[in-house]
Number of protein chains: 2
Amino acid sequence: MVYVKREQANENREALLATASRLFRERGIDGVGVAEIAREAGLTHGALYKHFRSKDDLAAEAFTQGLALSRAAFRGEGSRRKRSVAGYLDYLLSSLNRDEPGASCPMTASASEIGRHGRDLSARFAQGFQEKAGAFEAVMDDAIAKAERRRLGLAIVAAEIGAMAAARAVAKSDPSLSDEILKAVHAMLLQASKGQ
Amino acid sequence: MVYVKREQANENREALLATASRLFRERGIDGVGVAEIAREAGLTHGALYKHFRSKDDLAAEAFTQGLALSRAAFRGEGSRRKRSVAGYLDYLLSSLNRDEPGASCPMTASASEIGRHGRDLSARFAQGFQEKAGAFEAVMDDAIAKAERRRLGLAIVAAEIGAMAAARAVAKSDPSLSDEILKAVHAMLLQASKGQ
DNA sequence: TGTACATCAGTGAACGCGCGTTCACTGATGTAC
DNA sequence: TGTACATCAGTGAACGCGCGTTCACTGATGTAC
């Protein structure tokens, strides 16, 4: 494995990104070491530094990669899920999503950590946030004023992030409260998305 | 400082709790070491283990202590802030609150981390969450059905947590987006709290 | 197409460092009589 | 109230461990002629 073709090297890089992305979402950036990431990707930690300048760099790239994957899933590419506010909320606020943080949106999984890291991660979060809000705007009723749709898009995404974080936080001790939170936010956001 | 009266020992314990609570909110539980906490509280790390069984134990106690303090501030004890949904939201979703995570609600500061720690922290979070939701229920219009008030209370608190996490996440790279998020969620929640 | 050689992904030992936790020790504090 | 002694908060050295990062080395891969 020491001497690899370019193609193989690219695959290794992708494996590092995918592994890092998953583990960071599951256990937090501070909760996972580079050695473990490299090992799970089938490499040694030394190789990791041939692909990324630092753990912070890896975290930033992994965040963006996770965003891209979860965006594709969210928009329902290849699925028959309805592209509507209700359809999006059904997906985002499901218990399935709650129970698999490693496969879910990195913004949702790491919300309260991002502010403690560098400007780079912050900018990537901001980008992802606006895109997700834009997806909601795009499926809202045209009768709602543009500025109001923008406001609602931002608020819905923020609320969805909070709902998932809270639902995950209480899941271990109070599963029924966890479900209740998801349903309560779902109902409130669906109502709010119709405008006043 | 080695030989202290009971009273002094209690003060030291409180200092450890207050320091831990602040630092955990500012940098995350995984982001702060016990040595630093003890040092900032004016003790050595050895002393910390006379007051708490482990770092996890300290984290749980610090979380509850932070909850109690922030609850008092939130409910506006000793202030002339209005006890209403609008008054609560003004306070919780302010840029002041955003910029001082070390003094704000521990649920908001650590939302996405709690799910990765033990059942104990989860239960404390759940308790704090329900209390905060209850405070909102208590100031909502009586005309709204009880079950609906409960639903709204939970949804509002979840959304508020998400709004603050998102606002903090983007603050470093896009301060105006950060403000926009806080305002958007404020408007949406105020509207929602009036019932349909 | 063949040859000569720079590039480069990957290895694994090593770096210094800080982590959470334990422990022997100290002697003032607090208690029991 | 005085005395004898167990308790107990705090110290600081030490534990093993994992952290992020660096580096000398390897030799197949890819390129330049």
Side-chain angles (χ1 to χ4, degrees), chain A residues 1-24 26-63 65 110 113 116-118 120-121, chain B residues 1-24 26-63 65 110 113 116-118 120-121:
Chain A
M1 241 264 211
V2 186
Y3 311 108
V4 298
K5 298 200 179 169
R6 268 250 243 282
E7 193 186 348
Q8 174 68 47
N10 286 337
E11 277 174 32
N12 290 343
R13 185 189 150 94
E14 291 309 309
L16 286 167
L17 272 179
T19 305
S21 187
R22 175 173 55 82
L23 289 177
F24 285 157
E26 282 172 2
R27 311 219 302 266
I29 296 172
D30 288 346
V32 191
V34 291
E36 182 177 359
I37 294 166
R39 202 182 319 122
E40 286 216 19
L43 296 165
T44 61
H45 58 280
L48 191 151
Y49 284 87
K50 286 282 153 57
H51 290 290
F52 306 97
R53 259 167 307 156
S54 65
K55 187 189 180 183
D56 261 18
D57 182 31
L58 171 63
E61 297 287 337
F63 188 86
Q65 207 233 220
S110 307
E113 287 174 278
R116 299 175 188 133
H117 288 84
D120 188 8
L121 260 178
Chain B
M1 244 261 211
V2 185
Y3 312 108
V4 298
K5 299 203 180 167
R6 267 252 243 280
E7 192 185 350
Q8 175 68 48
N10 286 337
E11 278 174 31
N12 289 344
R13 187 190 149 92
E14 291 308 309
L16 285 167
L17 271 180
T19 306
S21 187
R22 175 173 55 82
L23 289 177
F24 286 156
E26 283 172 1
R27 311 219 302 266
I29 296 171
D30 287 346
V32 192
V34 290
E36 181 177 359
I37 292 167
R39 202 182 319 122
E40 285 214 20
L43 297 165
T44 61
H45 58 280
L48 192 150
Y49 283 86
K50 287 283 153 60
H51 291 289
F52 306 96
R53 256 166 310 155
S54 64
K55 188 190 179 183
D56 261 18
D57 182 32
L58 171 63
E61 296 288 337
F63 188 86
Q65 205 231 220
S110 306
E113 286 174 279
R116 299 176 188 131
H117 288 84
D120 188 9
L121 259 177

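Numbers restart at 1 for each chain; the letters A, B, ... are given by sequence-line order, proteins then strands. All values below were derived from every heavy atom in this structure, side-chain atoms included, with hydrogens, water molecules and symmetry-related copies excluded.
One can place CZ of Phe52(B) at 12 Å from P of dA9(D), the figure rounded to the nearest angstrom. Rounded to an integer number of Å, the gap from Gln8(B) CD to dG30(C) C1' is 16 Å. Rounding to whole angstrom units, CG of residue Asp30(A) and P of dG20(C) are separated by 12 Å. Per the geometry, CG belonging to Leu16(A) stands 12 Å off P belonging to dA9(C), to the nearest Å. Distance Leu48(B) CG to dC19(C) P: 12 Å, rounded to the nearest Å. The CD1 atom of Ile37(A) sits 16 Å away from the P atom of dG18(D) (whole-angstrom rounding). With rounding to whole Å, Lys50(A) atom NZ is found 12 Å from dG12(C) atom C1'. Atom NE2 in His117(B) sits roughly 11 Å away from atom P in dG20(C) (whole-Å rounding).
Between Arg39(B) and the phosphate of dG18(C), there is no side-chain N or O to OP1/OP2 separation shorter than 4.0 Å. Distances shorter than 4.0 Å separate none of the side-chain N or O atoms of Arg53(B) from OP1 or OP2 on dG20(C). Within the structure, a side-chain polar atom (N or O) of Lys55(A) is placed less than 4.0 Å from OP1 or OP2 of dG20(D).
Under the Watson-Crick and G-U wobble criteria, each requiring two contacts below 3.5 Å, nucleotide dG16(D) is paired to dC19(C). Across all strands shown, the partner of dG2(D) is dC33(C), judged by Watson-Crick or G-U wobble contacts whose two distances both fall under 3.5 Å. Nucleotide dC8(C) forms a pair with dG27(D), judged by Watson-Crick or G-U wobble geometry with both contacts under 3.5 Å.
Comparing Glu7(B) and Ser54(B), the nucleotide of DNA chain C nearest to each residue sits closer to the 5' end for Ser54(B). Mapping Tyr49(A) and Arg6(B) onto DNA chain D by nearest heavy atom places Arg6(B) closer to the 5' end of the strand.
Closest non-hydrogen pair, Ala62(A) versus Ala20(A), comes out as CB-CB, 4.1 Å.
Contact check for Asp30(B) versus His117(B): side-chain heavy atoms found under the 4.5 Å cut-off. Looking at Glu14(A) and Leu17(A), their side chains come closer than 4.5 Å, going by heavy atoms from C-beta outward.
Glu113(B) places no side-chain N or O within 3.5 Å of a backbone atom of Gly28(B) that could act as its donor or acceptor partner.
Across all strands, Gly33(B) comes closer than 4.0 Å only to sugar-phosphate atoms, never to a base (heavy-atom distances). In this structure, His45(A) reaches the bases: a heavy-atom distance under 4.0 Å links it to at least one base atom across the strands shown.
When distances are taken from the side chain of Ala47(A) to each of dT21(C), dT11(C), dA9(D), the shortest belongs to dT11(C). In this structure, of dA9(C), dG12(D), dG12(C), it is dA9(C) that holds the atom nearest to the side chain of Ala9(A).
Between Glu40(A) and the options Leu16(A), Thr19(A), Val32(A), a side-chain contact (heavy atoms from CB on, under 4.5 Å) holds for only Thr19(A).
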